[in-house]
Amino acid sequence: MRSRKRIALSIAILVTGGVLAGLVESVWLHRAQHIVMQGSVIKADADVKKQSPIANVQISVQGAAPPIGTESNFSGFFKVVLPIGARPGETVFLRFRHPDYRPIELPEVIGKQLYVVSLTPIPKHTITRHGPMIRLSNIRVRYSTQIENEANIGSEITTFEIPNQGNVPCDGYRHCSPDGRWKANVGSASLDAGDGNVFENARVSCIAGPCPFTRIISDRYSGVSRTISVSVLDWSDTTTFLMQGEVFRREISDSVREMYPVIFGDSINFSLPPPAEGTTLEAEVNSIETVFPLGPNPSVPWADCNVQAAKNQSKNYRCELRQGYQITSR
């Protein structure tokens, strides 16, 4: 009789254990579908100012079932939602493909860290099938806008870096990522328009480094003021920001404005205020003055351009030089 009770008890334990294991597995599988790998793709360069975000990179994950893919956006950001069955600590292979960069495949451990991936540009040849490299110089941006009771007398521009190292736990550091996980740093910049002048249409944009892992924490540039400033929190690797604004004096006039973009290596960066119209990108091509209109989908013969609209309707542009062209001084 006791033997039968022991056998029945053992069966009950086995059945209960199996049910619990099944429940644990079901709960784990339910959570697994929410595992996300996110990161940023930037240009490989020893100079952090030249580590431009790379858009339109084709990214695929091998090792997941089934294989999945995505594409980086204007800021280089990518996010991959792993399918059910992917477990933290497992290794998958991330593949990155872009026609202007060397392809790479990286083994990465599934986790909550931020993945910052650097792609090496394919070298531009000094001789192309059409002959020697085409030289570009004196690159300018021109646009028009209506202004009331004010005159644009110029623009001010500055860049600033936020030095930091990504994936360092925030154990007692002064600044942390928004979720409290990672060590962060804060960078700031300010501009003064001068006596009797004010800034309008000021804008701030990230132009190099893992831009998706930054946040503006102090916005003192969106209004009309003689001085403007901004502070940015960075919780990954070093990033570079661009701040610029138009300087105005009060009067009524129509204005055509010209500005010089910021050029780091083969990357051309600039931003336009919301009312900008008739935008053109102008340059001396082999010493010949040439004008290239920029429409809603910006395109010029010598560069691949991408544009991103900000919340205040200003537009951030980034153009990457094409094969066969080089930027030179006059």
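A pairwise comparison of heavy atoms in Ile122 and Pro99 identifies CD1-O, 3.4 Å as the closest pair. Residues Gly76 and Pro53 come closest through the heavy atom pair N-CB, 3.9 Å. Closest approach of Ile59 and Ser72 over heavy atoms only: CD1-N, 4.1 Å.
In this structure, Arg95 contributes its side chain and Phe93 its backbone to no donor-acceptor pair below 3.5 Å. Of the possible donor and acceptor atoms, one in the side chain of Gln113 sits under 3.5 Å from a partner among the backbone N and O of Val109. In terms of modelled atom types and a separation under 3.5 Å, the side chain of Thr280 and the main chain of Glu282 share no donor-acceptor contact. For Asn152 (side chain) and Val247 (main-chain N/O), a donor-acceptor pair under 3.5 Å exists by modelled atom type. Distance alone, capped at 3.5 Å, places no donor-acceptor pair between the Asn164 side chain and the Asp237 backbone. At distances below 3.5 Å, not a single donor-acceptor pair connects side-chain atoms of Asn316 with backbone N or O atoms of Arg318.
Ion pair Glu246/Arg203 flagged as a salt bridge, since at least one NZ, NE, NH1 or NH2 atom sits closer than 4.0 Å to an Asp/Glu carboxylate oxygen. Salt bridge status for Lys49 with Glu161: present, with a side-chain N to carboxylate O gap under 4.0 Å.
In this structure, Lys50 fails the cation-pi test against Phe264, since its NZ or CZ atom is not both closer than 6.0 Å to the six-membered ring centre and inside 45 degrees of the ring normal.
Classification of the Phe241-Phe160 ring pair by plane angle, with boundaries at 30° and 60°, yields parallel. The aromatic rings of Tyr317 and Phe270 lie parallel to each other, their planes meeting at an angle below 30°, with 60° marking the opposite boundary.
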Q | Test salt bridge (charged side-chain N to carboxylate O under 4.0 Å, His left out) applied to Lys79 and Glu71, step by step | A | CA-CA 8 Å; Lys79 181 173 73 172; Glu71 184 177 275; over 6 Å; no
Q: Quick one: do Tyr115 and Phe213 satisfy ring-ring contact (aromatic ring centres under 6.0 Å, His included)? Show the steps, please.
A: CA-CA 10 Å; Tyr115 302 89; Phe213 309 118; 9.5 Å; no
Q: Apply ring-ring contact (aromatic ring centres under 6.0 Å, His included) to Tyr173 and Trp182, showing your working.
A: CA-CA 9 Å; Tyr173 282 96; Trp182 307 112; over 10 Å; no
Q) Could you walk me through whether Tyr221 and Asn201 pass the side-chain contact (heavy atoms from CB on, under 4.5 Å) check? A) CA-CA 8 Å; Tyr221 62 89; Asn201 301 320; over 6 Å; no
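At most 12 non-hydrogen atoms from other residues, nucleotides or ligands lie less than 6.0 angstrom from CZ of Arg220. Taking a 6.0 Å sphere around CD of Gln165, one finds it holds 12 or fewer heavy atoms contributed by other residues, nucleotides or ligands. The local environment of NZ in Lys183 is crowded, with over 12 non-hydrogen atoms from other residues, nucleotides or ligands closer than 6.0 Å.
A donor and an acceptor atom, one from each side chain of Ser229 and Ser190, are nowhere located under 3.5 Å apart. Judged by distance alone, the side chains of Thr227 and Asp192 never bring a donor and an acceptor atom under 3.5 Å apart.
Here OG of Ser314 is found 9.5 Å from CD of Gln244. Values are rounded to the nearest 0.5 Å.
The one candidate from Asn306, Asn56, Ile54 that meets the side chain to side chain contact (heavy atoms under 4.5 Å, CB included) condition with Phe74 is Asn306.
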For residues 38-45, run the donor-acceptor check on the side chains, cut-off 3.5 Å, and write out each pair with its distance to 0.1 Å, sequence neighbours left out.
{"from": "Lys43", "atom 1": "NZ", "to": "Ser267", "atom 2": "OG", "distance (Å)": "3.0"}
{"from": "Lys43", "atom 1": "NZ", "to": "Glu320", "atom 2": "OE1", "distance (Å)": "2.9"}
{"from": "Asp45", "atom 1": "OD1", "to": "Asp47", "atom 2": "N", "distance (Å)": "2.8"}

